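Structure, as structure tokens:
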Amino acid sequence: MKMWSGRFRQPLDPDFERWQRSFSFDRRLLRHDLAASGAHARALKNAGILSADELISILQGLDQIGERATASPSFLDDDEAEDVHHFVEKQLVAVIGETGYKLHSGRSRNEQIATDLRLYVRATIDQLRHDLAELCSVLVDRADQAADAAMPAYTHLQRAEPVLLAHWLLAYVEMFLRDAERLGDCRKRLNVCPLGSGAVAGATLSLDRALMADSLGFEDATANSIDATSDRDFALEFVNALSLLALHLSRWAEEMILFSSQEYGFVVLPEAYSTGSSAMPQKKNPDLLELVRGKSGRVLGNATALMVAVKGLPLAYNKDLQETQEPLFDSSDTVLQMLPLLTGWMRAVEFQNERMHEAAQSGFMNAWAAATYLVKRGVPSRLAHERIGKAVQTCIERNCELQDLPLDELRPLSPAFDQDFYESLKLASVLAVHDVPGGTAPSRVRHAISVTRKRIESLREEAHAHA
Ligand code: ARG
């Protein structure tokens with residue numbers, strides 16, 4: 001039986017009927033719809049609408065539906081159900097008889113879908129935060145293993161200064177920890193319960209909203225029934241947080257693709273995550289990275305689709321809101337699938353430490369440290385910059401590095417040059433000179449590793465506490 005056929009004289013156009021259904025995608029909300037329905041049923045019993053026996057029978061029926069769905073996914077192949085809420089009602093009546101029709105007393109699908117989606121996003125956030133903790137801890141492990149290995153850091157994609165490989169890895173950890181924090185922040189705001197909001201004006205029965213909220217793990221009941229039934233801010237915030245996360249993953253993928261090219265030769269692609277070419281026998285391609293970069297596009301596109309779907313809607317519920325589900329699910333699925341894969345990739349990738357190390361020592365990447373040598377001897381910074389620039393110019397002409405210039409050629413540039421200048425040009429000194437919190441001096445990076453580990457640990461604990 002339909003949920004709304006009474007006032008209609010004519011049947012729906014069959015094509016329209018099929019087209020307007022959402023069950024093909026909202027079926028994934030089944031377990032949340034069952035949980036929310038259980039909470040509603042208990043409130044109905046407290047409000048005197050259900051007898052104790054009816055409540056028990058409804059709760060058992062809901063359990064059975066959950067069990068059957070788990071046991072056989074084909075149980076969900078129902079081409080009459082309009083949406084997940086209709087499916088649950090239909091199945092409940094099939095299992096327990098007409099009492100099943102009492103479950104919908106005093107409620108509307110508008111509050112149901114708003115609640116189910118909050119539960120879905122909340123569970124997804126918990127999973128994502130767990131996965132991010134996993135990815136970050138692999139990155140930190142790799143940073144730890146890298147010890148004092150150096151690499152060039154780039155600005156404008158031109159060699160800039162040497163840094164520790166560990167320092168570079170930790171830069172990505174910062175991005176991912178911010179993503180985890182943003183998701184946690186979104187979780188806090190979404191964790192209120194629309195149940196009892198009815199269709200728009202509030203439930204028509206005096207339901208204990210606080211109890212329903214509490215039994216579903218929400219912090220509170222939503223404050224306004226009109227807002228509660230039409231609000232999708234939580235979904236927008238969530239997909240936008242996912243966009244930023246996907247964007248970070250994409251930047252990382254792009255950099256790894258560059259680093260794996262013969263031109264850089266900084267990383268060796270793990271075979272388990274690469275593919276060959278059907279034509280060129282020598283090829284090993286960075287497919288995982290390319291797909292991460294490519295799929296991040298759809299995550300960004302989904303966020304836009306969702307915002308555009310909502311932007312013109314008057315209060316309160318409008319069926320357009322049904323269109324917010326697929327982009328939401330697609331972004332979630334896309335990121336949920338990518339994270340463990342690239343964690344595996346990160347675990348398996350081989351860094352070419354020697355080549356990176358070599359690259360870190362050429363191309364005048366010690367020039368700023370050289371200027372700093374002069375600054376520490378009282379030469380005004382602008383002049384020091386100028387003098388070293390001149391020295392670099394000479395080197396370019398001779399095709400050598402700063403350390404190859406003898407002292408008697410440097411002295412005319414500035415009397416501040418001395419024998420210990422050469423020591424300051426060595427890679428170890430250049431790294432060590434960046435001795436500030438957040439800098440690449442090895443002692444600072446070691447400290448950063450241990451602090452970062454603790455932050456990851458608390459993220460992991462938080463994610464577990466919710467699971
Ligand atoms: N399938 C609908 C959705 O996803 C559920 C809410 C339907 N409400 C309504 N008044 N037709 O938005």
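Note that the coordinates shown come from a computational prediction; the quantities given were computed from them, not determined experimentally. Both counts, for ligands and for their atoms, begin at 1 and track the order of listing.
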Identify the closest protein heavy atom to [atom]: which residue and atom is it, and at what distance?
atom                    : answer
atom 9 (C) of ligand 1  : Asn110 OD1, 3.4 Å
atom 1 (N) of ligand 1  : Gln322 OE1, 2.8 Å
atom 11 (N) of ligand 1 : Arg109 NH2, 3.6 Å

Side-chain donor-acceptor contact under 3.5 Å, Thr275 with Asp287: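 A pair is found: one side chain offers a donor N or O, the other an acceptor, under 3.5 Å apart.
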Donor + acceptor pair across side chains of Asp131, Gln127 (<3.5 Å):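 There is such a pair (donor and acceptor under 3.5 Å, judged by atom type) between the side chains of Asp131 and Gln127.
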Is the Lys NZ or Arg CZ of Arg142 less than 6.0 Å from the centre of Phe351's six-membered ring, within 45° of the axis?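 No - Arg142 does not lie over the ring of Phe351 by the 6.0 Å and 45° rule.
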Measure the acute angle between the ring planes of Trp252 and Tyr172, then classify it against the limits of 30° and 60° as parallel, tilted or perpendicular.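 Taking Tyr172 first and then Trp252, their aromatic rings stand perpendicular (interplane angle over 60°).
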Once you measure the plane-to-plane angle for Phe259 and Tyr154, does it fall in the parallel (<30°), tilted (30-60°) or perpendicular (>60°) bin?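 Judged by the thresholds at 30° and 60°, the geometry between Phe259 and Tyr154 is tilted.
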Within less than 4.0 angstrom of ligand 1, does Glu82 place any heavy atom?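 It does not; every heavy atom stays at 4.0 Å or beyond.
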For [X], the ligand 1 atoms whose distance to one of its heavy atoms is below 4.0 Å:
X      : value
Asp83  : 1 (N), 2 (C), 5 (C)
His85  : 5 (C)
Tyr317 : 2 (C), 3 (C), 6 (C), 7 (C), 8 (N), 9 (C), 10 (N), 12 (O)
Gln325 : 3 (C), 4 (O)

Does a salt bridge link Asp26 with Arg21, judged by any charged N lying under 4.0 Å from a carboxylate O?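 No, no charged N to carboxylate O under 4.0 Å.
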Evaluate Lys319 for polar contact with ligand 1, using N/O atom pairs at a separation under 3.5 Å.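 By distance alone, the answer is no.
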Based purely on interatomic distance, does Ser22 place a nitrogen or oxygen under 3.5 Å from a nitrogen or oxygen of ligand 1?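 Among all N and O atoms of Ser22, at least one is under 3.5 Å from an N or O of ligand 1.
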In sequence, state the C-alpha distance, the side-chain angles, and the governing distance for Trp168 and Leu165, and then conclude on side-chain contact (heavy atoms from CB on, under 4.5 Å). CA-CA 5 Å; Trp168 173 77; Leu165 170 55; 3.7 Å; yes
